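Just so it is clear: chains get the letters A, B, ... in the order the sequence lines come, proteins before strands, and each one is counted from 1. Values below: all heavy atoms of this structure, side chains included; hydrogens, waters and symmetry mates excluded. What you see is a predicted model, and the numbers here were worked out from it, not measured in a lab.
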Protein chains: 2
Amino acid sequence: MHRWAKVAHAGERAGNPVVDSRRRSFVSARQVADLAGVSRSAVSRTFTNGASVSEATRRKVLRAAEELGYHVNHLARSLIQEQSGIVCLIVADVATPYQSRMLDALTRRLQGIDRVAMVINTSGASGDAEAALRQTLNYRAAATIVLSGTPPAALVTTCINSGQRVILINRDDEIAGPINLSVDNAGAAREALHMLHRCGCRRIAVVSSTAGTPSLLARERAFAAAAAERGLEARVVRAGPTGYAAGFEAGRRLLSGSGRPDAAFCVTDLLACGFMDAARREFGLDVPGDLCVVGFDDIEQAGWASYNLTTFRQPVTAIADQVIRLVSDPAAPAGQSCFDVTPVWRRSVRPQ
Amino acid sequence: MHRWAKVAHAGERAGNPVVDSRRRSFVSARQVADLAGVSRSAVSRTFTNGASVSEATRRKVLRAAEELGYHVNHLARSLIQEQSGIVCLIVADVATPYQSRMLDALTRRLQGIDRVAMVINTSGASGDAEAALRQTLNYRAAATIVLSGTPPAALVTTCINSGQRVILINRDDEIAGPINLSVDNAGAAREALHMLHRCGCRRIAVVSSTAGTPSLLARERAFAAAAAERGLEARVVRAGPTGYAAGFEAGRRLLSGSGRPDAAFCVTDLLACGFMDAARREFGLDVPGDLCVVGFDDIEQAGWASYNLTTFRQPVTAIADQVIRLVSDPAAPAGQSCFDVTPVWRRSVRPQ
DNA sequence: GGCAATCATGCACAGGTGGGCAAAGGTGGC
DNA sequence: GCCACCTTTGCCCACCTGTGCATGATTGCC
């Protein structure tokens with residue numbers, strides 16, 4: 001059957017040199033060479049950067065390629081070059097403002113250096129980080145960027161041994177070997193406490209989530225430690241998975257009883273938005289009059305007029321730039337990198 | 001410092017004769033076959049679904065593969081099968097709530113049917129839809145899903161001739177050939193007018209953007225036509241690219257002069273959020289007391305307590321399911337499909 | 001005009017995989 | 001015990017490309 005297709009193919013090509021709409025198959029360099037009257041190598045060289053081809057053949061090849069609709073098969077090219085131009089992005093919660101912004105920044109920059117992003121979604125029960133890393137290996141990705149999830153260390157090692165770069169973003173776990181890009185969670189959390197303390201708040205809560213991500217835990221702990229230094233005890237509430245709803249629910253719990261807090265550090269802007277809405281709509285509180293709120297991430301919604309949230313900006317572009325540098329330069333050193341987060345002053349904290 | 005980690009690594013595995021950490025290359029089926037003492041075909045068959053292998057060889061192969069860290073090279077497999085398991089998603093504005101939700105739904109489902117998503121970001125000047133379609137062809141994608149951007153018709157034809165499925169979502173352009181999945185923009189816009197008219201609003205505005213997307217234009221026009229039927233004239237404002245800022249600015253322009261509208265249909269929830277914030281913060285208006293607002297998309301933020309936006313829900317999951325059906329069934333018919341949008345009643349429109 | 005040097009071109013191989021084909025091995029029935 | 005049939009296995013080819021090597025062509029220089 002396959003052979004038959006071959007024969008039909010040849011006949012078809014004899015009669016109609018252009019494109020036959022019934023032929024449902026990709027054009028190969030062989031066909032272009034035949035049409036242009038050159039060798040297949042000439043076709044290959046025409047599309048290879050820096051190869052030696054005369055201007056005349058080059059033009060002939062390009063014309064034939066255009067006519068047939070030829071496009072270089074990157075899969076075959078990758079096969080021989082052992083460098084597939086594919087970069088895998090492993091991410092959960094794609095629909096989240098922060099992650100989608102990171103995705104946007106990364107895909108855009110990867111295309112700028114002639115790579116292409118393969119996105120593996122590890123949300124839900126459909127696939128875990130292990131299956132994702134397996135895909136990475138299946139497609140001979142040049143690099144793997146882990147935005148969320150905790151990949152098994154053994155598979156990470158396999159990836160690295162296979163010549164991949166493995167870049168973990170905001171996963172300050174204790175996995176050794178891969179490159180680790182993270183953010184100064186502790187420093188920012190400490191600064192958050194100072195902000196709130198300076199403007200007179202003393203009953204300070206922490207709104208977190210049940211996710212238990214290392215970076216969220218780091219923020220919680222550093223904040224609590226800084227509070228303890230000031231002789232304060234920060235009550236931590238985790239009302240659900242990271243998101244608006246958990247923030248809202250945390251607000252309900254925190255603000256209903258007696259001795260309600262006069263400030264909250266939300267480890268994520270999404271939590272902060274939910275928390276603020278609960279404070280205003282459910283309890284009629286004024287932010288920042290009755291309650292000061294500090295968030296983390298600086299997602300787009302933090303800047304919306306309804307929230308005007310004082311928060312810390314994640315250096316998304318700087319992180320993405322660094323990722324690009326690491327992907328494109330094979331000699332770039334591995335190891336930890338820590339990025340600073342910058343405070344963004346808006347109106348959810350009283351002026352001192 | 002990091003080099004130290006590297007060395008420690010090699011030393012740790014020094015006792016193990018199998019993998020040499022200096023060899024930075026992928027393992028091939030040949031090596032697995034040698035280690036397992038079988039032919040390379042046996043290895044191939046072990047990882048091919050439905051091939052005939054005895055349980056004994058299968059186990060030997062699996063053990064050897066595990067030991068070496070072997071993973072089937074999907075690039076080589078795609079080379080011979082003319083079906084690469086890669087599905088290209090062409091999308092701009094990845095960071096947008098609606099698009100990122102669609103991306104989430106699609107990637108998750110694609111993985112469910114053993115495909116993998118290659119995301120091509122056409123935002124900014126970096127790349128247009130043409131370059132994106134070229135990538136699609138370069139990687140022999142099984143299908144191409146266009147979420148935004150208007151690809152040149154000639155390239156779409158090339159894609160289809162090469163055996164790809166091309167699926168356009170919400171791009172109700174006049175390109176023939178590809179599969180077109182769209183949403184009943186006109187019907188929803190008409191219903192939006194009826195909602196606002198029924199609750200007594202008569203000076204009705206349309207908040208749109210300068211993007212000029214076919215679907216946005218369809219909403220504008222159908223709304224204006226329905227208004228004209230009622231003897232009303234809908235003033236259209238386009239204050240910038242689709243997003244919060246343009247909605248805010250549109251609010252400034254619409255609500256400042258005399259004869260300000262008492263209702264607005266925002267062709268996108270993001271525009272609606274900006275518009276509502278302008279109305280409240282800049283003009284002290286009450287929604288829905290002074291001003292009724294209807295949006296479109298039902299993004300997550302529309303349900304947040306600060307907005308409580310009455311809007312129309314895009315059938316994201318139904319669209320994604322249909323995409324999956326089209327991708328997995330090569331015999332599925334092409335042509336147009338139109339999905340219904342369902343109104344979501346919240347509190348930004350007065351009860352009748 | 002002759003010679004050397006640069007350049008372009010074609011051949012052949014490699015890269016990893018799937019599958020057809022034939023042979024071998026094993027098993028059941030008579 | 002023999003034969004037929006089924007399962008398993010190995011060999012070989014095809015898929016499409018990049019590139020080293022050798023050869024032919026062309027040009028520049030003396």
### Task
To the nearest Å, give me how far apart CG (Asn73(A)) and C1' (dT17(D)) are.
8 Å
### Task
Please check if atom CD in Glu66(B) has more than 12 non-hydrogen atoms from other residues, nucleotides or ligands closer than 6.0 Å.
no
### Task
Check the pair Phe26(B), Tyr70(B) against ring-ring contact (aromatic ring centres under 6.0 Å, His included), reporting the backbone distance first and the verdict last.
CA-CA 8 Å; Phe26(B) 289 93; Tyr70(B) 170 73; over 10 Å; no
### Query
Over how many whole Å does the gap from Asn49(A) atom CG to dT19(D) atom P extend?
11 Å
### Query
Atom CG of Leu79(B) and atom P of dT17(D): how far apart are they, to the nearest Å?
8 Å
### Summary
Closest non-hydrogen atoms of Gln135(A) and Ile120(A), given as atom of the first, atom of the second and distance, are CB-CD1, 3.5 Å
### Query
Val53(A) near the nucleic acid: base, sugar-phosphate alone, or nothing, with a heavy-atom cut-off under 4.0 Å?
sugar-phosphate
### Task
Look at atom CZ of Arg30(B) and say whether more than 12 heavy atoms of other residues, nucleotides or ligands are closer to it than 6.0 Å.
yes
### Query
Taking OP1 and OP2 of dA8(C), is either one under 4.0 Å from a side-chain nitrogen or oxygen of Ser52(A)?
yes
### Donor/acceptor link under 3.5 angstrom from Arg40(B) side chain onto base of dG18(C)
yes
### Query
Any side-chain N or O of Ser39(B) less than 4.0 Å from the OP1 or OP2 oxygen of dT9(D)?
no
### Query
What's the closest nucleotide to the Arg140(B) side chain, out of dG19(C), dC15(D), dT17(D)?
dT17(D)
### Among dT19(D), dT17(D), dC12(D), the nucleotide that comes nearest once only the side chain of Gln81(A) is considered
dT19(D)
### Task
Nearest whole angstrom, please: distance from the P of dT8(D) to the CZ of Arg59(B).
13 Å
### Query
Hey, does Ser44(A) reach any base, or is it just sugar-phosphate, or nothing, if we go heavy atoms under 4.0 Å?
base
### Query
Counting side-chain heavy atoms from C-beta on, which of dG10(D), dG18(D), dT19(D) comes nearest to Arg45(B)?
dG10(D)
### Query
Would one find a side-chain N or O of Tyr139(B) under 4.0 angstrom from OP1 or OP2 of dC16(D)?
no
### Query
Between the side-chain atoms of Ser41(A) and the base atoms of dC11(C), is any donor-acceptor pair under 3.5 Å?
yes
### Query
Nearest nucleotide by nearest heavy atom, which residue falls closer to the 5' end of DNA chain C, Ala42(A) or Ser28(B)?
Ala42(A)
### Query
Distance check: side-chain N/O of Ser54(B) vs OP1/OP2 of dT7(D), anything under 4.0 Å?
no
### Message
In this structure, how many angstroms lie between the P atom of dT17(C) and the NE2 atom of His74(B), rounded?
### Response
11 Å
### Query
Rounded to whole angstrom units, what separation is found between the CZ atom of Arg30(B) and the C1' atom of dC12(D)?
13 Å
### Query
Does dT9(D) have OP1 or OP2 sitting under 4.0 Å from an N or O in the side chain of Thr57(B)?
yes
## Note on the structure
Between Arg171(B) and Val146(B), the two heavy atoms sitting closest are CG-O, 4.0 Å
### Message
Just the rounded figure in Å: distance from C1' of dT27(D) to CD of Glu55(A).
### Response
18 Å
#### Entry: Side-chain donor/acceptor of Thr158(A) to backbone N/O of Gly69(B), under 3.5 Å
no
### Query
Within this structure, what is the CZ-to-C1' distance between Arg58(A) and dT9(C), rounded to whole angstrom?
15 Å
